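Take a look at the structure below.
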Number of protein chains: 2
Amino acid sequence: MTVTIREVAQKLNISITTVSRALDGYDDVSDETRRLVVDTAQQMGYVPNRAARQLRRQRADTIGYILPTETPRFSNPFFAEFVAGLGDEAAANNYDLLVSTAPPKSAAEQEIYARWVHGRKVDGMVLNRLRQRDWRVQYLAQNVFPLVTLQRSLDPLEYPSVEVDGRRWFRALVEHLYSLGRRRIAYVGAAADLVIQTERFQGYQDGLAALGLALDAALVVEGDLTPEGGYRAAQALLNRPVPPDAVACVDDITAMGVLHAAHEMGCVVGKNLAVTGFDGVIGFEHTHPPLTTVNQPVYQIARQMAQMLLAQIAGRPLEPRQVQIEPVLELNASTLGAQK
Amino acid sequence: MTVTIREVAQKLNISITTVSRALDGYDDVSDETRRLVVDTAQQMGYVPNRAARQLRRQRADTIGYILPTETPRFSNPFFAEFVAGLGDEAAANNYDLLVSTAPPKSAAEQEIYARWVHGRKVDGMVLNRLRQRDWRVQYLAQNVFPLVTLQRSLDPLEYPSVEVDGRRWFRALVEHLYSLGRRRIAYVGAAADLVIQTERFQGYQDGLAALGLALDAALVVEGDLTPEGGYRAAQALLNRPVPPDAVACVDDITAMGVLHAAHEMGCVVGKNLAVTGFDGVIGFEHTHPPLTTVNQPVYQIARQMAQMLLAQIAGRPLEPRQVQIEPVLELNASTLGAQK
DNA sequence: CTTATACTCCAAAACGTTTTGGAAGTCAAT
DNA sequence: ATTGACTTCCAAAACGTTTTGGAGTATAAG
């Protein structure tokens, strides 16, 4: 069915070695032969069999990524953009992207790692949604397997990563809220062992401390990075005897739910309640009111990560092994009110 | 580094044939040997090399999907959920999911198809965002390559698909709007050659016709399936001499932008303007006001598609080659108003 | 004329599986 | 004792590449 290197060679009456080398650009084949080979291969529709190549070369030309599907019905624009970035950068380097899904820390997740890493199905792994202690990082480091992460775990290991300073920027949000006169600033977070949670929560605390505000446990609620989580958290907060005058959310998705609950309970967001998000995920400018958030270039981040991973796989030296990405603070009506 | 079948065989002093057959569950190996082999393999951490297996078996145990990244910064929750569904179903059958990204109809897209299909990198392809005439469908059908699609192109070819009746359900939305007293119902669509556009637009026209409303070209605007597209479209519509009293959008993402523009221009959505979406993408219940839409079980759809594709690859007969999925109409405040 | 130096080419050996086509042994029936 | 039917195993051949280690020709240098 499909045409092999052998058929190309046969047609030209030369060895498969020469065909292979001609196509791969070695310089021990004459220009004339090369042209001939390239043309014939093209015209016969020859495409190297990936399995054979991979078996021989001992690499897959593929990088892997596992979607952290906490819930069965998982859907989050952050990941669509993230995967698109990985895919584009991979494709630009003639690599493929292998994707699977598994709940974090599950047996299923471990099995995929075993299959992919030991079965050499991929040459490197991309990780995000890091945990403070992350078995994936430990596992890969132990197997000396290329990886790159978004944010860093606390594991004392050496590996490349891309980072956004969640602590600093979350603090900036808190300071922004303070500057608008907000004094009872609530926090809606996520699972405690997630790195983004600890960082951003730390930033929240930093902000309060710097501004001389006390940390009020009644104003800190755990969400789950879904709109529903944010919705429930906001309901709880707004029913407090003394409700908050601002809610800082761990991410934009959570903030969506908070906005919803706030409207439902009659708050005028931007006026008697300020709300902030984090991530800069699609459509944050189109919520009502438009959301104040920290906008990360997710697509760029993903490309950067893929690029670092590929460099590592190719054995190229990776100059800065930890890259800082600067997000931008987007101030919108959800905190500023209807003034513009 | 990694342990091969040969090492397992050596350790047990048996042939690699037997190890292979024991692990694959053939019945020409004694129970005792099988137990021994399985245990040792497990304990030595043996994982079959995928490339070798694929080369020998002439299949990849992998299905492919290409994200239709129209814009460089692409992010759409629909696709996160879709990919999660594909990934889960694939994983459940010991298959992997290969993902890439390419602008529809681009040279890059064609190249990926060539690589994957001819290089036998995948055993089948999943397609969505179909066009009325879709080169991908034609190409795959021509190469007798397994595929499954969401919605169908007009190409007169026989291939399995999953469908949601966009025409019927969009009409239902229009009828719903009419029942609430809306008479100037606008439509914000997408590129004309997209199947979802033609179907849903047809449903829009069906609805108007059935209700005795005339099609007013001034109320039909083309968007691009992004919030920005919806935002611009709504601005144009609301600035018309006689603005619409309802806007039916081709999808939820577009509707987000429409909501934004409406608020900005002082409309009270649900009261003097009704808005509807389509898809049931994350957070539609959490927009302000919550969006009336047609909610499709995207995750289920994706799993169903993957399942049909895998059956086809395995050569299992596919009973219904065209599966209808029933979405549900979600009536919310964006049309009903604040009554609840 | 011999020796060195490029320049082109190629046969054969891998890579790690699965599958084919038996071989060897055991047991029961003739 | 031979035959036939099972059961359990295995050697060797694939699968389609890339890479190794030369071999063969010219051309230039000694």
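Remember, it's a predicted structure, so these values are computed and weren't measured experimentally. By convention in this document, chain letters (A, B, ...) are assigned in the order of the sequence lines, proteins followed by strands, and residues within each chain are numbered from 1.
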Task: Asp28(A), nearest nucleotide to its side chain (from dT8(C), dT8(D), dG16(D)) - done: dT8(C)
Open item on the list: So Ile14(A), base contact, sugar-phosphate only, or nothing? Heavy-atom distance under 4.0 Å.
Closed with: sugar-phosphate
Task: For atom CZ of Arg57(A) and atom C1' of dA13(C), their distance in whole Å - done: 18 Å
Open item on the list: Tell me if the CD atom of Gln110(B) is crowded by more than 12 foreign heavy atoms within 6.0 Å.
Closed with: yes
Task: Options dT19(C), dG16(C), dT17(D), nucleotide nearest the side-chain atoms of Ser20(B) - done: dT19(C)
- [ ] Pick base, sugar-phosphate or nothing for Thr17(B), based on heavy-atom distances below 4.0 Å to the nucleic acid.
- [x] base
Open item on the list: Strictly below 4.0 Å: does Gln54(A) bring a side-chain N or O up to OP1 or OP2 of dG16(D)?
Closed with: no
Open item on the list: Please tell me if Ser15(B) has a side-chain N or O lying less than 4.0 Å from either OP1 or OP2 of dC9(D).
Closed with: no
Task: Protein-nucleotide distance (Arg59(A), atom CZ; dT17(D), atom C1'), rounded to Å - done: 13 Å
Task: Interatomic distance where CG belongs to Leu36(A) and P belongs to dT8(C) [whole Å] - done: 15 Å
Open item on the list: Is the distance between the ring centroids of Trp116(A) and Phe145(A) under 6.0 Å?
Closed with: no
Open item on the list: Between Asp193(B) and Arg133(B), is the salt bridge (charged side-chain N to carboxylate O under 4.0 Å, His left out) condition met? List the steps.
Closed with: CA-CA 8 Å; Asp193(B) 61 339; Arg133(B) 301 286 167 184; over 6 Å; no
Open item on the list: Is there a side-chain contact between Gln58(A) and the phosphate of dG16(C), meaning an N or O under 4.0 Å from OP1 or OP2?
Closed with: yes
Open item on the list: Taking the minimum atom-to-atom distance to the side chain of Ile5(B), which one of dT18(C), dC15(D), dT17(D) wins?
Closed with: dT18(C)
Open item on the list: Can you identify which nucleotide, out of dT8(D), dC9(C), dA13(D), has its nearest atom closest to the Arg56(B) side chain?
Closed with: dA13(D)
Open item on the list: Can you identify which nucleotide, out of dC9(D), dT18(C), dT17(C), has its nearest atom closest to the Ser30(B) side chain?
Closed with: dC9(D)
Open item on the list: Please verify the inter-ring angle class for Phe82(A) with Tyr65(A); under 30° counts as parallel, over 60° as perpendicular, anything in between as tilted.
Closed with: tilted
TODO: Provide, to the nearest angstrom, the distance between the CZ atom belonging to Arg53(B) and the C1' atom belonging to dG16(D).
DONE: 18 Å
Open item on the list: Quick check with a 6.0 Å cut-off and a 45 degree axis cone: is Arg34(B) positioned over the face of Tyr26(B)'s six-membered ring?
Closed with: no
- [ ] May I ask you to verify if any side-chain N or O of Thr33(A) is less than 4.0 angstrom from the OP1 or OP2 atom of dT8(C)?
- [x] no
Task: Nucleotide dG16(D), atom P - distance to CD of Gln10(A) in whole Å - done: 13 Å
TODO: Rounded off to whole Å, could you give me the OH-to-C1' distance for the Tyr46(B) and dT17(C) pair?
DONE: 7 Å
- [ ] Counting heavy atoms from C-beta on, name the nucleotide in dT18(C), dG16(C), dC9(C) closest to the side chain of Ile16(B).
- [x] dT18(C)
Open item on the list: Please classify the nucleic acid contact of Arg50(B) as base, sugar-phosphate, or nothing, using heavy-atom distances under 4.0 Å.
Closed with: nothing
TODO: May I ask you to say whether Lys11(B) pairs ionically with Asp39(B), meaning some side-chain N is under 4.0 Å from a carboxylate O?
DONE: no
Open item on the list: Just the rounded figure in Å: distance from P of dC6(D) to OH of Tyr26(B).
Closed with: 21 Å
Open item on the list: In this structure, how many angstroms lie between the C1' atom of dG22(D) and the CZ atom of Arg21(A), rounded?
Closed with: 12 Å
